[in-house]
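Accompanying notes for the structure given below.
Residue numbers begin at 1 in each chain, while the letters A, B, ... track the order of the sequences.
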Amino acid sequence: MAKGSGGARASPGLALAAVAALAAVLLVSRAPQPEVLQQLKDSFMQEDLAAVREFLRHPTLAKARAGAVEFWEIIGPGGRLHPGWFLEHKGHIVIEGLLMVIIVVMLLQSRFYPRTTEDEDALTDKEIDALCQEWEPQPLVPDISEEDYRPEPPLVQSREGSCYEVLVNGQPALNLACADFLGLGNDADVQRRARETVERYGVGSCGPRGFYGTFDVHLELEKALAQFMGQEEAIIYSYDISTIASVIPAFASRQDILVLDEGVSYPIQQGAKLSRARVHWFKHNDMASLEALLQQIEEDERRERAPLCRKMIVVEGVYANSGDVAPLQQLYSLKEAYRYRLCVEESHAFGVMGERGRGACEAAGLEPGQVEVVVASMGTSLASVGGFCVGHHEVCDHQRLCGQGYCFSASLPPYLATAAAEALAILEGSRGQQLAAQVRRTAAALRQQLDGTPGLTFPGGSSSSSSSSSSKDSSSVESPVLHLQLTPALAAAAGSRKAADMLLQGVADRLLTKHGLLLAVPRYSALDHVLLPPSLKLYVHAGLSADKVPKVVAAIREAAKHVLGPLVKGN
Amino acid sequence: MGQAHHPNAPWYINAICTWALSIVIFCGRIRDLFWRRPQTRKGYADLSDQREDFYNRRMYRRIHDCYNRPISSAPGAWIDVMERVDIDGKAMSTQPDLVGGTRRCLNLGSYNYLGFAAADEYCTPRVLDSLADWGVSTCSSRTEAGTSAIHRELEQLVAEYIGQEDAITFGMGFATNAASIPAIAGPGSLVLSDALNHTSIVAGVKASGAKVKVFRHNDMAHLEKLLRWHIAKGQPRTHRPWKKVIIMVEGIYSMEGETTLLRELVALKRRYKAYLYLDEAHSIGCMGASGRGLCEHAGVDPREVDVLMGTFTKSFGSAGGYIAGSKQLIAYLRRHCPAHLYATSMAPGVAQQIISAIRLMRGEDGSDRGARKIRQLKDNSNYFRRRLQDMGLHVLGDWDSPIMPIMVYHLCYISGISRRCLQRRIAMVVVGFPATALLMSRCRVCISASHTKEDLDYALEVIYDVCSKMGLQYAARQLPWPWCWLRLLLWPPAFGNYRPGDSSSNSSYEKGSSKSSSSGSSWVWAWLAGSSGKAVKAHSAAAAAGKAQPLVTAAA
């Protein structure tokens with residue numbers, strides 16, 4: 001190998017020499033002709049020439065001259081040994097052929113450049129065997145039996161007529177962890193339509209949308225969704241977390257820019273990661289931070305003279321992890337000013353917020369076309385499974401070719417599509433509108449009455465103070481997702497996240513066992529990069545009628561006082 | 001089993017395909033010169049990259065009627081394909097324009113392997129009961145209030161059925177891979193992925209941040225080379241040892257119909273202490289004597305495979321996916337898998353369909369209907385594969401696999417095949433460039449246990465007609481040198497823009513007409529073919545005799 005590499009090292013020089021020699025041969029074949037020499041001779045001075053002739057008549061010189069002439073006859077132009085003779089008799093072919101052979105041989109050699117040191121001391125098979133033998137992998141997943149301090153998630157044993165009345169751990173409870181905000185899943189029409197569809201189409205779709213997995217009911221649902229949202233077109237996906245995780249990569253790739261809120265949920269983070277775009281984060285719901293960031297990006301672009309790229313701001317209408325409502329009016333003016341597209345994830349706002357239940361964008365007073373991409377889950381107000389995206393025709397059409405979760409996954413089971421379509425029809429009617437208004441009112445009432453619960457607070461301070469200080473956003477109290485966090489003092493007293501989690505779990509347990517209320521304490525994956533403080537989550541839905549609100553409030557206050565009271569006092 | 005034989009395209013097909021593609025690309029570029037791109041707002045970049053969009057704009061849109069065909073019936077053995085406006089080779093929007101009518105077609109496209117797609121006497125009543133008991137959806141994630149008794153039952157049943165310690169289920173097959181792989185692999189892990197793995201695996205690995213190396217499809221020697229090299233080298237730059245090495249393969253590759261070499265993989269993973277992630281999306285339910293998937297088929301203990309992933313979309317006629325593995329793995333996924341924590345849990349009806357299907361397959365309904373379904377699927381698949389091979393077509397895949405791609409090679413033929421087949425009431429999937437290599441276009445047949453012998457024979461008759469007219473019998477074409485050219489001259493392979501109402505498409509199933517070729521100059525082909533391979537001879541002889549089943553192979 002060393003010999004081979006030595007030869008390879010010299011070869012570029014050799015190749016150059018060969019090419020130079022080839023050029024020299026071609027030049028020699030055009031040697032100077034006799035008449036040129038004659039002219040050269042005539043140009044000398046006559047007397048000089050005479051002196052030279054005198055000198056040349058010397059006998060020894062004459063002898064030498066005769067020898068030279070004889071020699072020249074052999075070697076000179078026309079002589080037997082003159083390169084010209086050789087060339088005239090096709091000898092150049094031999095030389096050129098030889099040179100070509102050298103060049104070809106060199107080109108056929110595997111490498112022109114010296115090998116790297118890595119190759120020089122390459123591992124032998126024996127060494128590789130030994131290394132493979134020595135290597136010990138970590139376990140496939142870490143053992144979390146100690147880390148997993150939280151109890152098993154609640155098991156719903158059965159339900160009594162609606163998804164709101166459930167039997168959990170042998171105890172009847174009001175389900176406040178169910179995101180069926182309007183209770184349309186319990187509706188007789190929805191159930192009937194779903195049953196009919198199962199009888200007609202079976203359960204599964206058995207194919208992706210491209211390959212005979214598009215059912216007429218999918219097309220109907222898409223049309224109905226587009227019409228409801230006042231947009232040109234809608235596209236449905238078969239699962240909620242795959243929707244936004246497919247939409248973002250369809251509109252951003254390596255050279256593009258994504259601007260995300262720090263409070264976004266995991267599917268958006270995954271979408272951003274899959275897109276490989278440049279991701280910038282701004283402080284949760286902080287428009288000043290966003291503006292500073294956009295300005296910074298614009299300046300950087302101007303300085304680097306970056307080419308035009310796709311830029312998108314991604315926010316949630318109602319944040320799943322905090323229940324906050326995004327200030328969409330301000331986001332809209334910022335994105336217009338800095339020429340960004342806006343993508344709003346409306347899962348927890350769709351069906352409840354806004355005058356017609358179109359979501360947080362409508363509640364903020366935005367017209368349907370003003371936000372480019374609106375994404376929502378069908379697992380909330382539509383009481384089904386799946387997700388959808390609405391927007392301009394171009395937006396949806398692009399996803400039909402580039403949305404991974406759309407192209408490469410089996411389509412939504414037909415009965416879930418018809419159930420969603422039926423729920424949407426109800427939502428569009430007056431009954432749905434009344435239900436939505438009721439949920440909005442209940443949410444506002446709950447928010448107000450739960451304020452000041454001992455040891456618990458809403459994210460970002462108490463809701464009453466925030467609503468009084470910023471009366472611009474009256475819709476923010478209507479968000480149907482309520483998160484109750486430990487007060488900062490209490491969280492500091494609890495110390496670790498684990499302790500805080502356990503405290504809230506204690507509250508939730510007491511609520512379930514003593515008061516028959518099922519509330520969730522959200523768990524976050526280790527993959528989730530945005531870890532908000534632990535909280536107690538409550539979905540406001542139509543099952544929470546006006547007469548139940550005071551009971552729920554009293555129950556939460558009692559449980560909080562019982563579990564957190566001693567700590568609050570100790571503080 | 002054994003490694004599938006990979007046929008190669010005849011050189012002249014590659015030549016004409018390259019030529020045709022260069023014409024299409026050239027014309028497309030010329031058109032682009034005079035084409036005004038849709039206006040985007042000033043200061044905004046285009047939504048789709050214009051260069052990347054070239055294929056969609058200039059090629060896919062001309063044949064988009066071969067994809068996304070809407071249907072208005074259950075995806076059983078026969079489906080009602082809704083008729084659309086004839087796009088006439090024009091580049092149009094991909095939104096279908098329906099004209100109202102439907103066409104009853106034999107379904108060779110859906111992944112309805114065991115025939116659970118349509119209403120089933122055992123499953124459907126149970127699904128309806130579960131709808132009454134549990135409603136349409138739980139509207140909650142699994143860790144909040146979305147775990148109901150039905151989910152618990154499903155997971156226990158799946159673990160038992162697969163033969164693993166525990167299992168976790170998700171509401172979507174794609175999300176199962178895309179969300180679970182990031183929980184298992186991570187930075188510092190090495191993923192060795194088969195070249196033909198599904199997009200969901202690719203997405204999962206991409207989201208995980210693990211280092212990924214691709215080995216050639218089903219090439220164990222290449223895999224071993226990569227394993228040895230990378231374990232010895234450690235992580236790039238830092239040369240720290242890898243945290244773990246995971247081999248990701250699929251049970252049956254959906255575009256190839258080939259099974260993975262599980263025995264060899266298990267041996268390799270044991271020797272090099274790697275972990276094995278097996279995606280059984282297409283093999284669960286249809287491989288193995290009792291449908292338990294590739295492990296049973298290959299005679300491997302399921303617990304030898306570290307992660308067994310699969311979907312319920314295909315064989316079980318439902319939706320969703322599962323991961324089965326050790327208790328520790330499943331406990332970790334229950335705690336950290338985003339699809340478990342954040343997504344709406346599986347719809348109860350969907351879960352009930354899977355439970356019923358599995359119970360049926362295990363014979364818990366008191367009949368042997370499930371076992372018969374599995375046997376029927378195998379018989380159907382092997383029968384169909386044998387007959388396709390006898391026709392002289394290049395068919396990929398292993399025996400017992402219900403997926404059989406028929407190689408077309410020429411990208412411009414696939415639309416013609418798809419349209420002709422649809423015209424003759426066969427709904428078949430054709431696959432071209434983005435999903436396969438440019439010169440490896442194919443049409444794909446998915447066999448179901450619900451296909452009867454008559455259905456299969458009808459499909460074979462149509463496929464024989466269409467493929468022989470297009471000149472796809474690459475394996476049977478044994479004509480001596482000058483004659484093959486004469487055949488090409490007399491019968492040039494038809495190009496894509498086949499029009500409905502073409503005279504060569506009047507043979508219909510209802511009439512019971514079994515003429516395998518009804519076109520004017522078919523005698524030339526019959527005559528030429530008559531002097532060639534015996535398989536073709538058998539076909540044309542049978543066709544000439546006008547039998548009810550013209551494709552009975554005398555040779556077989």
Side-chain angles (χ1 to χ4, degrees), chain A residues 123 128 131-132 135 137-138 140-141 144 148 153 155-157 163 175 177-180 185 194-195 198 201-204 206-207 210-212 214 216 238-242 266 270 273-274 308-310 339 379 383-385 394 398 400-401 404-405 408-410 413 419 518 520 523 525-527, chain B residues 43-45 47-48 56 67-68 70-72 74-75 94 109-112 117-119 127-128 131 135-137 139-140 143-145 147-149 171-172 174-175 182 199 206-207 228 231-232 241 243-244 272-273 275 306 313 317-319 329 332 335-336 338 341-344 347 353 427 429:
Chain A
L123 296 170
I128 292 183
L131 281 166
C132 291
W135 178 65
Q138 290 181 3
L140 184 60
V141 289
I144 53 158
D148 201 18
L155 173 69
V156 178
Q157 286 157 321
C163 66
N175 186 357
C178 165
D180 184 0
R195 293 177 73 88
V198 169
Y201 292 100
V203 175
C206 285
F211 301 153
Y212 304 101
T214 304
D216 48 354
S238 47
Y239 213 37
D240 45 6
I241 58 163
S242 288
Y266 179 77
Q270 191 185 14
K273 199 161 186 189
L274 285 178
L308 192 61
C309 65
R310 293 179 286 185
R339 292 184 177 137
S384 181
V385 173
E394 198 192 341
H398 184 60
R400 284 180 211 279
L401 297 166
Q404 289 197 327
F408 298 103
S409 153
L518 177 60
R523 297 162 199 234
S525 161
L527 301 168
Chain B
Y44 287 76
L47 262 185
S48 49
N56 296 330
Y67 305 94
N68 302 313
I71 65 174
S72 62
T94 49
S110 296
Y111 309 126
N112 173 27
V127 172
L128 293 176
L131 273 178
V136 177
S137 164
C139 293
S140 190
T143 49
E144 290 171 6
T147 303
S148 48
M172 183 201 199
F174 187 95
T199 319
K206 220 169 152 187
R228 288 171 61 83
I231 291 176
K243 287 183 181 158
K244 50 200 160 191
Y272 293 100
K273 291 171 274 190
Y275 298 108
D306 301 279
T313 320
S318 187
L329 169 73
Y332 185 82
R335 178 65 193 86
H336 287 298
L341 298 171
Y342 306 131
T344 310
Q353 164 79 15
V429 168

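Partners of T313(B) by side-chain contact (heavy atoms from CB on, under 4.5 Å), not counting sequence neighbours, listed by chain and number: A410(A), T311(B). For the side-chain contact (heavy atoms from CB on, under 4.5 Å) test, residues two or more places apart in sequence or in another chain that qualify with D306(B) are L140(A), K269(B), Y275(B), L276(B).
With chain A as the partner, the residue from A74(B), A319(B), C139(B), G317(B) showing the most heavy-atom pairs under 4.5 Å is C139(B). Counting heavy-atom pairs closer than 4.5 Å to chain A, the top residue among A343(B), A119(B), A347(B) is A343(B). Put simply, of C206(A), S384(A), G204(A), the one with the most heavy-atom pairs under 4.5 Å next to chain B is C206(A). Note on S238(A), A194(A), A526(A): by heavy-atom pairs under 4.5 Å with chain B, the leading option is A526(A). The greatest number of non-hydrogen atom pairs below 4.5 Å with chain B, out of A520(A), P413(A), G210(A), is found for G210(A). Options N175(A), L308(A), L131(A) differ in how many heavy-atom pairs under 4.5 Å they form with chain B, and the most are formed by L308(A).
Both the backbone and the side chain of D180(A) have a heavy atom closer than 4.5 Å to some heavy atom of chain B. Both the backbone and the side chain of L329(B) come within contact range of chain A, with heavy atoms under 4.5 Å apart. Both the backbone and the side chain of L274(A) come within contact range of chain B, each with at least one heavy atom under 4.5 Å from a heavy atom of that chain. At a 4.5 Å heavy-atom cutoff, the contact between Q157(A) and chain B is made by backbone atoms alone. Heavy atoms closer than 4.5 Å to chain B are found in the side chain of A419(A), but not in its backbone. For C178(A), the parts lying under 4.5 angstrom from a heavy atom of chain B are both the backbone and the side chain. With a 4.5 Å cut-off on non-hydrogen atoms, Q353(B) touches chain A through its side chain but not through its backbone. Contact annotation for V127(B): only side-chain heavy atoms (C-beta onward) come within less than 4.5 Å of a heavy atom of chain A. Only the side chain of L518(A) comes within contact range of chain B, judged by heavy atoms closer than 4.5 Å.
Side chain of S140(B) to main chain of A177(A): a donor-acceptor pair is present (N/O by atom type, distance under 3.5 Å, no hydrogens or angles). With R310(A) contributing its side chain and L47(B) its backbone, the two residues share a donor-acceptor pair below 3.5 Å. Between the side chain of Y239(A) and the backbone N or O of G171(B), at least one donor-acceptor pair lies under 3.5 Å. With K244(B) contributing its side chain and P137(A) its backbone, the two residues share no donor-acceptor pair below 3.5 Å. N68(B) places no side-chain N or O within donor-acceptor distance of the main-chain N or O of T214(A), the cut-off being under 3.5 Å.
At least one side-chain heavy atom of M172(B) sits under 4.5 Å from a side-chain heavy atom of S242(A). The side-chain heavy atoms of V203(A) and S318(B), taken from C-beta on, include a pair separated by under 4.5 Å.
Taken from CZ in R335(B) to CZ in R523(A), the straight-line distance is 6.5 Å, to the nearest 0.5 Å. To the nearest 0.5 angstrom, Y342(B) atom OH is 5.0 Å from S525(A) atom OG.
The two residues H336(B) and L527(A) make their nearest non-hydrogen contact at O-CD1, 4.2 Å. When every heavy atom of F211(A) is checked against every heavy atom of Y111(B), the shortest pair comes out as CD1-OH, 4.2 Å. Closest approach of T344(B) and G379(A) over heavy atoms only: OG1-CA, 3.9 Å. Closest approach of A175(B) to I241(A), counting heavy atoms only: CB-CD1, 4.4 Å. Closest of all the heavy-atom pairs between A232(B) and L123(A) is CB-CD1, 3.9 Å.
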